[in-house]
Novice: 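Pasting a structure here, questions to come.
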Number of protein chains: 4
Amino acid sequence: MRTRILDAALKLFEDKGFDGTAVPEIARRAGIATGSIYRHFPSKDALVNALYREWKLRYSETVLTPPPESATPREVFGHYWRGMAAFAQRHPIAARFLDLHHHRAYLDKESKTAERKTHDLAAQFVAQGVAAGVVRPIDPMLLVALMTGAMRGLIQFAGDGELVLDQATTAAAEDCIWNAIKA
Amino acid sequence: MRTRILDAALKLFEDKGFDGTAVPEIARRAGIATGSIYRHFPSKDALVNALYREWKLRYSETVLTPPPESATPREVFGHYWRGMAAFAQRHPIAARFLDLHHHRAYLDKESKTAERKTHDLAAQFVAQGVAAGVVRPIDPMLLVALMTGAMRGLIQFAGDGELVLDQATTAAAEDCIWNAIKA
Amino acid sequence: MRTRILDAALKLFEDKGFDGTAVPEIARRAGIATGSIYRHFPSKDALVNALYREWKLRYSETVLTPPPESATPREVFGHYWRGMAAFAQRHPIAARFLDLHHHRAYLDKESKTAERKTHDLAAQFVAQGVAAGVVRPIDPMLLVALMTGAMRGLIQFAGDGELVLDQATTAAAEDCIWNAIKA
Amino acid sequence: MRTRILDAALKLFEDKGFDGTAVPEIARRAGIATGSIYRHFPSKDALVNALYREWKLRYSETVLTPPPESATPREVFGHYWRGMAAFAQRHPIAARFLDLHHHRAYLDKESKTAERKTHDLAAQFVAQGVAAGVVRPIDPMLLVALMTGAMRGLIQFAGDGELVLDQATTAAAEDCIWNAIKA
DNA sequence: CATGAATGAGTATTCATTCAT
DNA sequence: CATGAATGAATACTCATTCAT
């Protein structure tokens, strides 16, 4: 039941935005009564936040797995890149939802903190790559912006049907972006 | 007057979204009466669409200027990249607004067409680069996705204050992304 | 069980009014499940009515006991007055509940009839006192209004903590009000 | 407009209680649209509080006029008593509204303070009467409870149609209650 | 019989839009 | 043209009542 609500909300929030989605609409799509939503979530705000955190967690579990100890920076990059692509491929709507909503006023502090963690991890990877001399020695945040932005571009184009996120495309993109950041 | 309305709407739509912004709020920020909005725009929907098109036009004028005839593909790329960066630097809120809203249901066909044009132009540039043997011979759409995505990453990080979009940063990013797409 | 429900409802209705009290709230205070209320009462309306009648009955049993045959009108008056005061002292919440709710739309005919009986009895006592020449020869309803009103004033002030309804206070009030109605 | 809303609310709150009255119902009775209520009052709570204070003020203006300097305690009593009766006669619904609602949870502090003032004034009058040796030397609050209670009894019976609050009735009641409290 | 999740009609409140001034 | 009060449909949320367990 809770899952059905979250699934309905995910689709609708991604499609029409938070404020553009009416609670009864979520209920209808979930196949339940309007009032039942409030048995599971105290408010619409609480619902988006729960949704956001749920998917951010799943995202972390998919993407932020530690790479093999022996991996070279290039391999570490590939590891994370393929993780992100795999997530976007398996959960395209969730990927777009996380992308579009990560800043909105209705997200509370805890939800926003989750976003930060990802950035910090990426910045850390870049810093290590720079130290190892295999990544361009420039502001790590810039490289993070370019990498995550490129991935978001992929997700968006895939969502719009202008691109298919298959193995080959993902691999080609990985190679391109590695070229962008390598020393 | 029309300009003040559009300015107020731009800031609010970017900040709180279309559905999250009330018309009287726009009026208040514009320093006029609620009803006056409707002297200039027949509806809230018409207002966003006008706003979107207005900025898309300015964007085109800034970014889509033809590069010098004699420019090499690398120079053409730099020409467009710097154009986009300059726009984002001068109009950060508008850049984010265009980025976030380009898909929303309240945008009508004409507004959405504007977006497509940019993509097509980019794809065309990529195709020419490929033909000239200086750009990677892969799906042009993929490269467009990576380029525009990377630029959006820049814009977003700049908006969040994690990055400053100055000359140096822009130039470094340009170099990175050229490496990503060059043959 | 039924008693626990009625006790919970009494307190809440007195405190927050009928419409201001939610059924689940009554259940919580009674320590049972919401649905269980409906095993004992077909509806919220039926519950107030049962509550009202229950207490009106207890009130009648406490207050409307026949005075000794040989009692003088003064003694009869004292008998009833002390009965009312005793009830208010022992059941302050019920006294206030009966006082505040005796007219509400959700009370059905039978409940309202109970109220009437008390008035009629009082009016009858007054009439007899008038006939005996010891009570002021004016509209009995006026005297009833003053007497019952005075008693309600006592109950209210006691409930608000501005007065303590002890033996002495009750006796003093009795003497005052007898002076008010005596010939 | 504001007045029409307050008038409609007065009648409905008195009749069905605060929680028993729906905002659209108030609007309908006032002959305006539901939303218009909120142009004049920020919330339903604010509306009752405004209503309560408005009438408490009028009540004070009618009832709490200073008696003639030279008035004896008996005359002072009559002055106030007739003031209250006149108010109840002219504004029977308001009188009942003030009576029934003076304690409810939705009234804020300022509204409740108004009630206290009346009591204090009455207690002060009683104390002076006691000092002059013409009022019973007992707890002034008790006498206040009896007086105001008796008046409320009158108002209630009048409202229920069991009594008519004319000159004669008011005068008779005044005499009765003076007998109740005089030394 | 007790339970409490589910229901959906009903509530307070907001907001895009209109229109008399 | 500008105004902002008035409108009423739409929204988030509540609550009396039901019913499968």
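Naming convention: chains lettered A, B, ... in sequence-line order (proteins, then strands); numbering from 1 in each chain. Since we're looking at a predicted model, the values are computed, not measured.
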Novice: Go nucleotide by nucleotide along DNA chain E from the 5' end; which of Pro24(D) and Ser43(B) gets its closest nucleotide reached first?
Specialist: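 That would be Pro24(D).
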Novice: Separation of Asp19(A) atom CG from dA12(F) atom C1', in whole Å?
Specialist: 12 Å
Novice: Take the protein atom CG of Asp45(B) and the nucleotide atom P of dC15(E), then report the distance between them rounded to whole Å.
Specialist: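 Whole-Å distance recorded here is 16 Å.
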Novice: For Pro42(C) and for Met1(B), find the nucleotide of DNA chain F with the closest heavy atom, then tell me which residue's nucleotide is more 5'.
Specialist: Met1(B)
Novice: Rounded to the nearest 0.5 Å, what's the gap from OG1 on Thr34(B) to CZ on Arg28(B)? Could you check?
Specialist: 8.0 Å
Novice: Is Lys56(A) paired with Glu61(A) through a side-chain N to carboxylate O contact shorter than 4.0 Å?
Specialist: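 A salt bridge is absent here (no side-chain N lies under 4.0 Å from a carboxylate O).
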Novice: Arg28(C) has an atom CZ; how far is it from atom P of dC15(F), in whole Å?
Specialist: 10 Å
Novice: When you measure from the side chain of Thr34(C), which nucleotide among dA2(F), dG4(E), dA12(F) comes out closest?
Specialist: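 My answer, after comparing the listed nucleotides, is dG4(E).
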Novice: Can you check the Arg4(D) CZ to dA5(F) P distance for me, whole Å?
Specialist: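 Between P of dA5(F) and CZ of Arg4(D): 17 Å.
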Novice: Which whole-number value in Å describes the distance from Ile26(A) CD1 to dC13(F) C1'?
Specialist: 13 Å
Novice: Could you tell me how far apart Phe41(B) (CZ) and dA16(E) (C1') are, to the nearest whole angstrom?
Specialist: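 Distance check: Phe41(B) CZ to dA16(E) C1' gives 16 Å.
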Novice: Figure out the OH/P separation between Tyr38(D) and dT11(F), and round it to whole Å.
Specialist: 17 Å
Novice: Quick check for you: to the nearest 0.5 Å, what is the distance between Asn49(A) atom CG and His101(A) atom NE2?
Specialist: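 Between atom CG of Asn49(A) and atom NE2 of His101(A) there are 12.0 Å.
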Novice: Could you check which nucleotide pairs with dT3(F) in any of the strands shown, counting Watson-Crick or G-U wobble with both distances under 3.5 Å?
Specialist: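 Across all strands, the one nucleotide that pairs with dT3(F) is dA20(E).
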Novice: What nucleotide, of dT13(E), dC13(F), dA16(F), holds the atom closest to the side chain of Lys44(D)?
Specialist: dT13(E)
Novice: Using the side-chain heavy atoms of Ala33(C), tell me which of these nucleotides is nearest: dT18(F), dT18(E), dG4(E).
Specialist: dG4(E)
Novice: Quick one: does Leu6(D)'s side chain get under 4.5 Å of Phe41(D)'s, heavy atoms only?
Specialist: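 The answer is yes, as the side chains (C-beta and beyond) meet within the 4.5 Å cut-off.
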Novice: Side chain of Ala22(D) only, heavy atoms from C-beta on: which candidate in dA12(F), dT3(F), dA12(E) is closest?
Specialist: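 So the side chain of Ala22(D) is nearest to dA12(E).
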Novice: I want to confirm an ordering. Mapping Gly35(C) and Thr21(D) to their closest nucleotides on DNA chain E, which one lands closer to the 5' end?
Specialist: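 Taking each residue's closest nucleotide, the earlier one in sequence belongs to Gly35(C).
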Novice: Using a cut-off of 4.0 Å on non-hydrogen atoms, how would the nucleic acid contact of Ile37(C) be classed: base, sugar-phosphate, or nothing?
Specialist: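 It contacts nothing in the nucleic acid.
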Novice: Do the ring planes of Phe97(A) and Phe13(A) sit parallel (below 30°), tilted (30 to 60°) or perpendicular (above 60°)?
Specialist: parallel
Novice: Heavy-atom nearest nucleotide on DNA chain F for Glu25(A) versus His40(D): which residue maps closer to 5'?
Specialist: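 The residue whose closest nucleotide sits nearer the 5' end is His40(D).
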Novice: Rounded to whole angstrom, note down the P distance from dC1(E) over to dT21(F).
Specialist: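 Each nucleotide's P atom is 22 Å from the other's.
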Novice: Closest approach to the side chain of Ile32(D), judged atom by atom: which nucleotide of dA6(E), dT17(E), dT7(F) is it?
Specialist: dT7(F)
Novice: Which whole-number value in Å describes the distance from Arg2(A) CZ to dA6(E) P?
Specialist: 13 Å
Novice: Compare side-chain N and O positions of Ser36(A) against OP1 and OP2 of dT7(E) and report whether any pair is under 4.0 Å apart.
Specialist: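 Yes, within the criterion.
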Novice: Mark yes or no for whether Glu25(B), through its side chain, and Ala22(B), through its backbone, hold a donor-acceptor pair below 3.5 Å.
Specialist: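 Answer holds: yes.
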Novice: Just compare dC1(F), dG8(F), dT3(E) and give me whichever is closest to any side-chain atom of Arg39(B).
Specialist: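 Closest of the options to the side chain of Arg39(B): dC1(F).
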